[in-house]
Student: 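Here it is, the structure, as structure tokens.
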Amino acid sequence: NIVLTQSPATLSVTPGESVSLSCRASQSISTSIHWYQQKSNESPRLLIKYASQSISGIPSRFSGSGSGTDFTLSINRVESEDFSIYYCQQSYSSLYTFGSGTKLEIK
Amino acid sequence: EVQLVESGGGLVQPGRSMKLSCAASGFTFNNYDMAWVCQAPKKGLEWVATISYDGSSTYYRDSVKGRFTISRDNAKSTLYLQMDSLRSEDTATYYCARHRGYFDYWGQGVMVTVSS
């Protein structure tokens with residue numbers, strides 16, 4: 001199985017800061033990585049598909065980059081509603097896997 | 001508006017069975033692959049199973065292979081997950097999701113608790 005390692009596990013930031021969340025794959029997966037946001041007691045929401053493709057209705061402050069094994073989700077100027085958990089997921093293999101998540105919390 | 005509404009969860013004893021349903025609306029159900037994703041309490045997301053748009057292909061994570069069966073009724077726009085030989089480690093919230101490689105729409109989730 002393809003293992004996705006997210007770092008850091010927790011990121012403490014002040015609203016208005018810009019942040020980068022990392023997702024590293026155990027083997028090259030081209031750009032077959034997708035990002036989700038999950039707020040407390042809610043279902044996950046798709047933010048970015050195929051590493052960098054935007055999703056309708058998602059604020060433009062969210063962007064993605066990377067290919068191969070290293071991927072980044074960037075949030076430009078974090079807002080209060082962004083404090084939640086972020087997961088990456090790969091679709092390179094049909095044994096789909098998620099990363100363990102990065103919790104974005106208020107400093 | 002796309003809607004996915006799960007039902008059928010609850011408390012079940014180890015070794016017993018449970019069947020989850022997911023009623024879909026707002027899109028042409030038989031054009032899309034569908035999936036189940038679970039989340040144990042306070043844990044991360046885990047893909048469980050996927051079924052192709054026409055039901056001809058199914059895929060499972062190793063830990064549920066042989067115990068869980070994903071199926072669909074395109075006439076009823078409904079997705080199912082038959083869970084047999086349930087274990088305590090199957091305790092989780094189960095989400096139904098539309099699957100396009102990525103999961104673009106999710107249901108609200110249904111809780112399954114496996115305990116004696």
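What you see below is based on every heavy atom in this structure, not just the backbone, and it leaves out hydrogens, waters and symmetry mates.
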Student: B:Trp106 and A:Tyr96: same hydrophobic cluster, using ILVMFWY side-chain contacts below 4.5 Å?
Tutor: yes

Student: Donor-acceptor check, side chain of B:Glu46 to backbone of A:Phe98, threshold 3.5 angstrom: yes or no?
Tutor: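 The answer is no, because no donor-acceptor pair under 3.5 Å joins these two groups.
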
Student: Checking A:Ser91 side chain against B:Tyr102 main chain: does a donor-acceptor pair fall under 3.5 Å?
Tutor: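 A pair under 3.5 Å: no.
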
Student: Heavy-atom pairs under 4.5 Å with chain A: which of B:Tyr59, B:Tyr95, B:Tyr105 has the most?
Tutor: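 Among B:Tyr59, B:Tyr95, B:Tyr105, the one with the most close pairs to chain A is B:Tyr95.
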
Student: Do you know which of A:Ser43, A:Pro44, A:Ser94 has the most heavy-atom pairs with chain B at a distance under 4.5 angstrom?
Tutor: A:Pro44

Student: With a 4.5 angstrom heavy-atom cut-off, is it the side chain or the backbone of A:Gln38 that approaches chain B, or both, or neither?
Tutor: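 Just the side chain, heavy atoms under 4.5 Å.
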
Student: With hydrophobic residues grouped by side-chain heavy-atom distances under 4.5 Å, do A:Ile58 and A:Leu104 end up in a single group?
Tutor: yes

Student: Output the option from B:Ala35, B:Gly101, B:Gly44 having the highest count of non-hydrogen pairs under 4.5 Å with chain A.
Tutor: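 Sorted descending by pairs with chain A, the first entry is B:Gly101.
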
Student: Please tell me whether B:Leu45 and B:Met83 are part of a single hydrophobic cluster in this structure, the criterion being side-chain heavy atoms less than 4.5 Å apart.
Tutor: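 B:Leu45 and B:Met83: separate clusters.
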
Student: Among the clusters formed by ILVMFWY side chains lying less than 4.5 Å apart, do A:Leu21 and A:Ile33 turn up in the same one?
Tutor: yes

Student: Please look at B:Thr93 and chain A and tell me whether the side chain, the backbone, both or neither of the residue comes under 4.5 angstrom of a heavy atom of that chain.
Tutor: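 For B:Thr93, no heavy atom lies under 4.5 Å from chain A.
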
Student: Going hydrophobic residue to hydrophobic residue with side-chain gaps under 4.5 angstrom, can you get from B:Val37 over to A:Leu47?
Tutor: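 As far as the 4.5 Å side-chain criterion goes, A:Leu47 and B:Val37 are connected within one cluster.
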
Student: If you count heavy atoms of other groups shown closer than 6.0 angstrom to NZ of A:Lys39, is the number above 12?
Tutor: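 Correct, the count exceeds 12.
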
Student: Taking the side chain from A:Tyr36 and the backbone from B:Phe103, do they hold a donor-acceptor pair closer than 3.5 Å?
Tutor: yes

